[in-house]
Amino acid sequence: MPDELVNGKQKNISSIESIARSPYLNKGTATPSSTRNALHLTGILPPAVETLEQQKKRALVQFRAKSSCLEKYMFLAWLRNTNVRLFYRIVIDELEEMAPIIYTPTVGTACLEYSHIYPFLAPPGVPDGLYLSINDLPNLTQIIKSYRPYPSSDSLTPQIAVITDGSRILGLGDLGVNGMGIPIGKLQLYVAGAGIDPRRTLPITIDLGTNNEKNLNDEFYLGIRKKRVSDDEFYPFVDAVLKALTSVYPNLLIQFEDFSSEHAFDLLAKYRDNLFCFNDDIQGTGAVILSGFINAVRLVEKDIHPTKHRILFFGAGSAGVGVAKQLLEFFKIEHGMSEDDAKKLVWLVDTKGLVTCDRGDKLAKHKVYFARSDNEGRQFKSLMDVIEYVKPTALIGLCSTGGVFDENILKRMGELNKNPIIFPLSNPMVNAECTFEDAMRNTGNRVIFASGTGFPPFVEQETGKIRYPGQGNNMYIFPGLGLGAILARPDRITDRQIYASASALAESLTTDEVEQNFLYPAIQRIRRVSAQVAAAVIVTSVDEGLARNPEINSLVKQNLPECLSRSGEKWQKLVKYVEEKMWDPNNEKLFTCETLVEKSKF
Ligand SMILES: NC(=O)C1=CN([C@@H]2O[C@H](COP(=O)(O)OP(=O)(O)OC[C@H]3O[C@@H](n4cnc5c(N)ncnc54)[C@H](OP(=O)(O)O)[C@@H]3O)[C@@H](O)[C@H]2O)C=CC1
Ligand SMILES: CC(=O)C(=O)O
Ligand SMILES: [Mg+2]
């Protein structure tokens, strides 16, 4: 939107077109007659003036008529890029149906196909996210400044960026620039799940090449066609991108997403203390699984003392190690265990078997901390061997290999435990280590279950009872964590804030959800849950003396003990305050052509 239009000085055709075409401003058939007249849109639109509800009803009919999930994904992407309000009205109201399309599993399919479907996701000129390639190194700041997803002279700046280099997209491996679907999908959940204003979200994919031969040989691949650069180029480039981003947007929260594990750990270690950032796969996943684990431990507490759990991780990458580290905090904080004792409750398995100090290979840096030295020289290669050795109470899959928790493994877990805790957390669904149905059938319906991608409910044959699986996905954490951080504005994200987010999520279950043995709250309640998570992050950052937002400090400081206990009237008031800060597509004041008409006195 040219400045002149907003100032009401010029009403030319191109300005009108830019309103009509802006996904953030136009309301399509819901544009009232007065606005149509003022903006000379009469004739451009059919005569009927509809409500948002009518538009939603029509869109849902079209959406549900699509014959594949990928088509549904493309339909929603087009809707988002032509009418943001309508898109979010639908996603928020129908989140249970929409999340598997805009997020895992379908976003995985979309990423695999991204270069093929790209032109059909948005009208020309409407950007889907910011691409920064290694060739852009000299011009990063200028490119970042020029990226304007919506035509408006409003001084709104992005508050949250999700950045990937496409090197480990879900469990699908290196997808290069096709990974863009992930930052976009995550940020849609920030809007739907935590009410971040969509204009203030910034999806970023950095392109440093790809080692994916299929992409390199694909005539339609849209990234640069070369192998990934070496670390000597990788780290300085990421550094230059982060410096350029923070110079243009000093308060921007940066979420690292789906970087290959070595880089993910290194980048987090390098930036966690001097940049407003966190890593979703290490810390977000750590927090969400800790939360589900806390509730699982509660369910089996009468049979197993919390400090007697034996937790086996199948997969020792950024997610496996991130979750294992987060669980240690639980044993230390809630059960007073020493770090060494807590560490003894955890075993890691990777492609070479049980991770031990004397295995004979050079362990990646992030595995060393958990490498066992009590194996008396014995090595265990197969998962079943490790299970026989460890006798786990909990089996956590983060290995990106579908079906590895097979019938034998599941049955054995059922024999070893009254209620085995089994979390196949890899994404998308094809990579899940087992299905909910298999886990139920092979454990006599006794499993305590959560998966990364949601599975359908299971009907118990004998009783007809419907059992609902948990969805242990970081989408329950990052929206609330990000919102809390944006509101409180600490200069960094700390371990205490992450732990608070996990613990608040665990506590967010309603009485009804607790009675049904849920590990996670119902997805339909995500905004309320995100408000609780955000409030916990806010309180912690105030308690740490890191919050820089004066309004938040004055709101929380005088009620700190009550807010820290997350109970009572003051805590509820804070949660409500957070909820009231959330963006809603029905709020007419936020952005529509009417606001512009008012401003520009057409
Ligand atoms: N539910 C959720 O919210 C989240 C789920 N995830 C999912 O977790 C998965 C892993 O992510 P991440 O840790 O970053 O990925 P990585 O690729 O870094 O780690 C995968 C790990 O699994 C091991 N592995 C792979 N195949 C096998 C096998 N057949 N047997 C034993 N071990 C195996 C690898 O071993 P080695 O080290 O020897 O190569 C590695 O340690 C992905 O599918 C991702 O989608 C991630 C984040 C959040
Ligand atoms: C959920 C997520 O972040 C992942 O699978 O990588
Ligand atoms: Mg991820």
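As a basis for the values below, the full set of heavy atoms in this structure was taken, side chains included, without hydrogen atoms, waters or symmetry mates. Along the sequence shown, residues carry numbers from 1. One-based numbering, in listed order, for ligands and for the atoms of each. Small disclaimer: the values here were computed from a predicted structure and weren't measured.
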query: Taking 2.8 Å as the cut-off, does an N/O/S atom of Asp280 lie below it from the Mg ion (ligand 3)?
result: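 It does not; every qualifying atom lies at 2.8 Å or beyond.
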field: Spacing of CG belonging to Leu519 relative to CZ belonging to Arg298, to within rounding of 0.5 Å
entry: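 These two atoms lie 8.5 Å from each other.
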task: Using non-hydrogen atoms of the residue, decide whether Met475 is closer than 4.0 angstrom to ligand 2.
output: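 No heavy atom of Met475 comes that close to ligand 2.
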query: Below 4.0 Å from any atom of ligand 2, is there a heavy atom belonging to Phe478?
result: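 No, that is not the case, since the closest heavy atom of the residue is not under 4.0 Å from the ligand.
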Geometric cation-pi criterion Lys343 and Tyr369, 6.0 Å radius, 45° cone: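 So Lys343 does make the cation-pi contact.
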message: Angle between ring planes, His263 versus Phe234, binned at 30° and 60°: parallel, tilted or perpendicular?
response: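 Answer is parallel, since the angle falls under 30°.
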- request: Give a yes or no on whether a salt bridge exists between Arg412 and Glu388, defined as a side-chain N under 4.0 angstrom from a carboxylate O.
  value: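 Yes, this pair counts.
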N/O to N/O under 3.5 Å, ligand 1 against protein:
residue: ligand 1; atom: 1 (N); partner: Leu425; partner atom: O; Å: 3.2
residue: ligand 1; atom: 1 (N); partner: Gly472; partner atom: O; Å: 2.9
residue: ligand 1; atom: 3 (O); partner: Asn474; partner atom: N; Å: 3.0
residue: ligand 1; atom: 13 (O); partner: Ser318; partner atom: N; Å: 3.0
residue: ligand 1; atom: 13 (O); partner: Ala319; partner atom: N; Å: 2.9
residue: ligand 1; atom: 14 (O); partner: Arg168; partner atom: NE; Å: 2.8
residue: ligand 1; atom: 14 (O); partner: Arg168; partner atom: NH2; Å: 2.8
residue: ligand 1; atom: 14 (O); partner: Ser318; partner atom: OG; Å: 2.5
residue: ligand 1; atom: 18 (O); partner: Ser261; partner atom: OG; Å: 2.3
residue: ligand 1; atom: 26 (N); partner: Cys399; partner atom: O; Å: 3.4
residue: ligand 1; atom: 26 (N); partner: Thr401; partner atom: OG1; Å: 3.2
residue: ligand 1; atom: 32 (N); partner: Thr351; partner atom: N; Å: 3.4
residue: ligand 1; atom: 35 (O); partner: Thr351; partner atom: N; Å: 3.4
residue: ligand 1; atom: 37 (O); partner: Lys367; partner atom: NZ; Å: 2.6
residue: ligand 1; atom: 38 (O); partner: Thr351; partner atom: N; Å: 3.2
residue: ligand 1; atom: 38 (O); partner: Thr351; partner atom: OG1; Å: 2.5
residue: ligand 1; atom: 41 (O); partner: Ala316; partner atom: N; Å: 2.8
residue: ligand 1; atom: 41 (O); partner: Gly317; partner atom: N; Å: 3.4
residue: ligand 1; atom: 43 (O); partner: Ser400; partner atom: OG; Å: 2.8
residue: ligand 1; atom: 43 (O); partner: Asn427; partner atom: N; Å: 3.3
residue: ligand 1; atom: 43 (O); partner: Asn427; partner atom: O; Å: 3.4
residue: ligand 1; atom: 45 (O); partner: Gly171; partner atom: N; Å: 3.3
residue: ligand 1; atom: 45 (O); partner: Asn427; partner atom: N; Å: 3.4

query: Aromatic ring centroids of Tyr190 and Phe478 under 6.0 Å?
result: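 Yes.
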- prompt: Can you name the one residue among Val355, Asp385, Val386, Leu395 that meets side-chain contact (heavy atoms from CB on, under 4.5 Å) with Val349?
  reply: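 Between Val349 and the candidates, side-chain contact (heavy atoms from CB on, under 4.5 Å) is satisfied uniquely by Val386.
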Within-cut-off N or O pair, Arg168 and ligand 2, under 3.5 Å: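 Between Arg168 and ligand 2 (N or O atoms, distance only) the closest approach is under 3.5 Å.
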message: When you compare ligand 2 with Lys186, is there at least one nitrogen or oxygen pair between them that comes in under 3.5 angstrom?
response: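 Yes, Lys186 has an N/O under 3.5 Å of an N/O on ligand 2.
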